[in-house]
Amino acid sequence: AAAPCKDHVLSTPLKNDRFLRALRREPVDHTPVWLMRQAGRYLPEYRASRAQAGSFLAMAKNPDLACEVTLQPLRRFPLDAAILFSDILTIPDAMGLELYFVDGEGPKFRKPVRDAAAIAKLGVPDMETELRYVMDAVRVIRRELDGSVPLIGFSGSPWTLACYMVEGGGSKNFARIKAMALNDPQALHALLSVNTDAVIAYLAAQRAAGAQALQVFDTWGGVLSPAMYREFSLPYLQRIARELERGEGVDRTPLILFGKGTAAYLEELAATGTDGVGVDWMVGLDEAARRTGGRVALQGNLDPCVLYGNPDAIRREVATVLDAYRDGNGGSRDGHVFNLGHGMSPDMDPEHVAVLVDAVHTHSAR
Ligand code: CP3
């Protein structure tokens, strides 16, 4: 069992705080960078840990193994943040939907929720019992990071979690959940409401365990029409940004709302009260910075497929993203966290990641 997080662990000063400074839009020596899915199958040491554990879930449910794979990318690359190794689907799993993985098919639930009766039975899981393994992982990782870089905790958005819960896994067209939105919107709102309560409790518990920033992944926000996005996703993100207690000043735990295909709503996302907005590569960061006007930090937004290019192409594309942000932000690079516009893929070359991280730090040096 993991040791409780000691006060001295939580009060160890950070050696590298440029990620947190950038989220506060404070000046930094160079633009911080981390990568969505920076821990994963593209690393041979990850594949070895996974083989040893037997499965992804066994690894995620063991705090020491989760810690090990969280640290793997940081041993290779001078990244400016660590992200908890876990998954967004831990919440519905703890609600009783029974998460499992089929190789090559992605996540699935044995007990998806398909109607109002099933939804009415759902409750917010207890964070320190049913999701204890996640909080223990946060505590172990904070101890092992020893103040080197900040630790990001995360959750899925209420809508994105609902997609998996209703579809029972991944989906091409989201037929079941869209039918529910049309035929029984009240049931879907009940599901989104319990999910929101769970997400807020989950992020608050990760913060209490030691997470120093929090990101919400609205991976499937972009599959909705504008009217449906504004009914079924945005209001719940607003509630999270409003109700999640996260402190003030230098002790504030910043929140980042990442959406895929949701650039049309940048102004509305920036107005939620979030600290940062994560942006995919379908919008220029110059435009994104102009439209959000310094109200939030921006995170993104290199097309992950740039990692399939050669080192010269990677350096060129990294510079383009960095300069686009600066141009839209009145000539300043402050308030930018460099990232991909979505997660890495298993067939990407670790050598190319090294080039990307170096290019960010070199090109953005103040
Ligand atoms: O970013 C990180 O390094 C932290 C870990 C992390 C994972 N999943 C590990 C993981 C994070 C932040 C997630 C979030 C997540 N999980 C999202 C939102 C982000 C996004 O990519 O849009 C979603 C939609 C999920 C659901 C999920 N979990 C899927 C679709 C899959 C299958 C992916 C695949 O390619 O098979 C998972 C499993 C998963 N989660 C893996 C990892 C490293 C692969 C598991 C394996 O080793 O087989």
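In listed order, ligands and their atoms are each counted from 1. For reference, positions follow the sequence shown, starting with 1.
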Closer than 4.0 Å to some heavy atom of [X] - which atoms of ligand 1 meet that?
{"X": "P107", "value": "27 (C), 29 (C), 30 (C), 31 (C), 32 (C)"}
{"X": "I83", "value": "1 (O), 2 (C), 3 (O), 4 (C), 12 (C)"}
{"X": "Y164", "value": "24 (C), 30 (C)"}
{"X": "Y46", "value": "43 (C), 45 (C), 46 (C), 47 (O)"}
{"X": "F217", "value": "12 (C), 18 (C), 19 (C)"}
{"X": "H342", "value": "20 (C), 21 (O), 22 (O)"}

Check each heavy atom of A39 against ligand 1 and say whether those closer than 4.0 Å belong to the side chain, the backbone, both or neither. both
Report the part of K260 (side chain from C-beta onward, or backbone N, CA, C, O) that has a heavy atom under 4.0 Å from ligand 1; answer both or neither where that applies. neither
Basic-acidic side-chain contact under 4.0 Å: [X], [Y]:
{"X": "D312", "Y": "R315", "answer": "no"}
{"X": "D286", "Y": "R326", "answer": "no"}
{"X": "E68", "Y": "R75", "answer": "yes"}

When you measure from the heavy atoms of [X] to every atom of ligand 1, does any distance fall below 4.0 Å?
{"X": "F258", "answer": "no"}
{"X": "S86", "answer": "yes"}
{"X": "G170", "answer": "no"}

On a heavy-atom basis, I'd like to know which of [options] is closest to [atom].
{"atom": "atom 11 (C) of ligand 1", "options": "F101, Y42, F154", "value": "F154"}
{"atom": "atom 36 (O) of ligand 1", "options": "Q72, E105, M36, R41", "value": "R41"}
{"atom": "atom 28 (N) of ligand 1", "options": "L89, L84, D87", "value": "D87"}

Measure up the [X] and [Y] rings against each other and bin them: parallel (under 30°), tilted (30 to 60°), perpendicular (over 60°).
{"X": "W34", "Y": "F19", "answer": "perpendicular"}
{"X": "F232", "Y": "H189", "answer": "parallel"}
{"X": "H30", "Y": "H361", "answer": "parallel"}

Classify the side-chain pair Y265/S233 by whether it contains a donor and acceptor separated by less than 3.5 Å. no
Please tell me whether Y46 and F56 form a close aromatic pair, meaning their ring centres lie under 6.0 Å apart. no
Does the separation of the ring centres of Y164 and F109 fall below 6.0 angstrom?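 So the answer is no for these two rings.
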Shortest protein heavy-atom distance from [atom], along with the residue and atom involved:
{"atom": "atom 41 (C) of ligand 1", "value": "F56 CE1, 3.8 Å"}
{"atom": "atom 13 (C) of ligand 1", "value": "R37 NE, 3.7 Å"}
{"atom": "atom 14 (C) of ligand 1", "value": "I88 CG2, 3.6 Å"}
{"atom": "atom 46 (C) of ligand 1", "value": "R50 NE, 3.1 Å"}
{"atom": "atom 18 (C) of ligand 1", "value": "T219 OG1, 3.3 Å"}

E45: what forms a salt bridge (charged side-chain N to carboxylate O under 4.0 Å, His left out) with it, not counting sequence neighbours? R76
Could you give the side-chain donor-acceptor pairs of residues 91-102 under 3.5 Å, partners two or more places apart or in another chain?
{"from": "D93", "atom 1": "OD1", "to": "L99", "atom 2": "N", "distance (Å)": "2.9"}
{"from": "D93", "atom 1": "OD2", "to": "K61", "atom 2": "NZ", "distance (Å)": "3.0"}
{"from": "E98", "atom 1": "OE2", "to": "K111", "atom 2": "NZ", "distance (Å)": "3.0"}

Do any nitrogen or oxygen atoms of W220 come within less than 3.5 Å of a nitrogen or oxygen of ligand 1? no
Please check: side-chain N/O of R50 versus main-chain N/O of G40, any donor-acceptor pairing under 3.5 Å? no
